[in-house]
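Structure, as structure tokens:
Order of listing sets the numbers, starting from 1, for every ligand and every atom in it. The model shown is predicted, which means the values in this text are computed figures rather than measured ones.
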Amino acid sequence: MSIKRDIVVGTTVAEMHQIVAAARLHGSTVGCIPTMGYLHDGHASLIRAASAKHGLVVVSIFVNPTQFGPQEDFERYPRNLERDIHVVTNAGGSVVFAPTVEEMYPTGAQSTIHIPHISEILEGAVRPTHFDGVATVVSRLFEAMQPDEAFFGQKDLQQTLIIKHMVASSSIPEVGKVTVTVLPTQREPNGLARSSRNVYLSVKDHDDALVIYRALSVASHLARSGEYSKKALEQTMLNTLATVPAVTVEYAVAVEAETLQTKEFFQSGDEIAFLIAVTLGRTRLIDNMVVAVD
Ligand code: PAF
């Protein structure tokens with residue numbers, strides 16, 4: 001364990017248990033923000049929200065190998081622990097948990113958590129083992145950090161639903177008791193959702209990527225003005241995305257926000273989630289918006 005500019009940096013589960021036990025002895029509750037590092041303003045806003053509610057705020061920084069497919073960007077995923085420690089400090093976090101792969105998977109990744117159906121659609125259809133890796137590592141991170149509340153961004157909407165299912169079905173007491181809080185996606189002033197992977201984008205890619213926000217905004221506006229047909233809403237996203245030839249669309253869907261199930265026509269009282277995944281050069285980008293229809 002080391003102490004850097006008032007931030008405690010721990011690398012082992014045993015250290016986390018000690019830190020959390022000491023904080024609880026002093027009456028603190030514990031908030032956590034699981035991350036893969038290369039923190040941006042989106043993460044900082046989660047840390048600030050956690051710091052406003054909890055005496056101890058633990059930010060985990062772990063690029064989790066089990067959620068990357070063999071052809072994906074695990075090796076080149078951006079990493080910079082020193083910079084991340086600054087972000088955590090400035091946002092009011094108290095502890096960084098930066099374990100090694102061996103610490104998180106002492107016997108290898110032998111047992112995994114699979115949440116049926118919702119893990120297999122959309123992102124799960126394109127990245128078949130991704131959500132098993134996410135559910136497994138988040139359960140292990142919760143066991144290590146033992147939080148009362150964990151904070152995630154809405155940008156990874158499907159991930160947040162899977163984590164909620166994982167918590168609800170967990171038989172591990174430290175995991176089953178965690179409250180999962182989802183906060184709105186943080187965007188750049190031009191609308192691009194903040195993501196650690198934005199660092200891969202060239203200036204042109206960055207401009208091209210703005211079409212994702214435009215497509216989501218047009219569909220949300222249409223739904224708010226009374227268009228409830230899934231086909232019409234999806235077509236409007238596809239038409240907007242088609243205005244930028246550099247963008248290859250993987251999916252652009254309108255589904256029920258709670259379940260991600262499809263429905264031909266939405267109705268009053270529904271929450272519609274618009275979800276988009278595209279590739280731009282070698283970079284995959286995802287984003288979403290949720291609209292309540294009245
Ligand atoms: O959203 C992320 O950064 C990761 O998927 C998470 C939740 C930290 C699990 O590795």
Y228 and V255: same hydrophobic cluster, using ILVMFWY side-chain contacts below 4.5 Å?
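No; V255 is not reachable from Y228 via cluster members.
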With the 4.5 Å side-chain cut-off for hydrophobic clustering, are M289 and V182 part of the same group?
no
Which pairs, with at least one residue in residues 195-210 and sequence neighbours excluded, count as a side-chain hydrogen bond (donor to acceptor under 3.5 Å, both in side chains)?
D73-R197, D73-Y200, E188-H206, S202-D205, K204-D208
Under 3.5 Å: donor-acceptor pair, side chain of T240, backbone of T236
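Yes, T240 side chain to T236 backbone: donor-acceptor pair under 3.5 Å.
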Using a 3.5 Å cut-off and no angle test, enumerate the donor-acceptor pairs between side-chain atoms of residues 120-127 and protein atoms at least two apart in sequence or in another chain.
residue: E120; atom: OE1; partner: H117; partner atom: N; Å: 3.4
residue: E120; atom: OE2; partner: H114; partner atom: NE2; Å: 2.6
residue: E120; atom: OE2; partner: H117; partner atom: N; Å: 3.3
residue: E123; atom: OE1; partner: R284; partner atom: NH1; Å: 2.8
residue: E123; atom: OE1; partner: R284; partner atom: NH2; Å: 3.4
residue: E123; atom: OE2; partner: Y251; partner atom: OH; Å: 2.5
residue: E123; atom: OE2; partner: R284; partner atom: NH2; Å: 2.8
residue: R127; atom: NE; partner: E72; partner atom: OE1; Å: 3.2
residue: R127; atom: NE; partner: E72; partner atom: OE2; Å: 3.1
residue: R127; atom: NH2; partner: E72; partner atom: OE1; Å: 2.5

How would you list, by chain and number, every residue that makes a ring-ring contact (aromatic ring centres under 6.0 Å, His included) with Y77, sequence neighbours excluded?
F68
With the criterion set at N/O pairs under 3.5 Å, what does the list of contacts between the protein and ligand 1 look like, atom names and distances included?
residue: ligand 1; atom: 1 (O); partner: Q159; partner atom: NE2; Å: 2.9
residue: ligand 1; atom: 5 (O); partner: Q67; partner atom: NE2; Å: 2.9
residue: ligand 1; atom: 5 (O); partner: Q159; partner atom: OE1; Å: 2.7
residue: ligand 1; atom: 10 (O); partner: Q67; partner atom: OE1; Å: 2.6

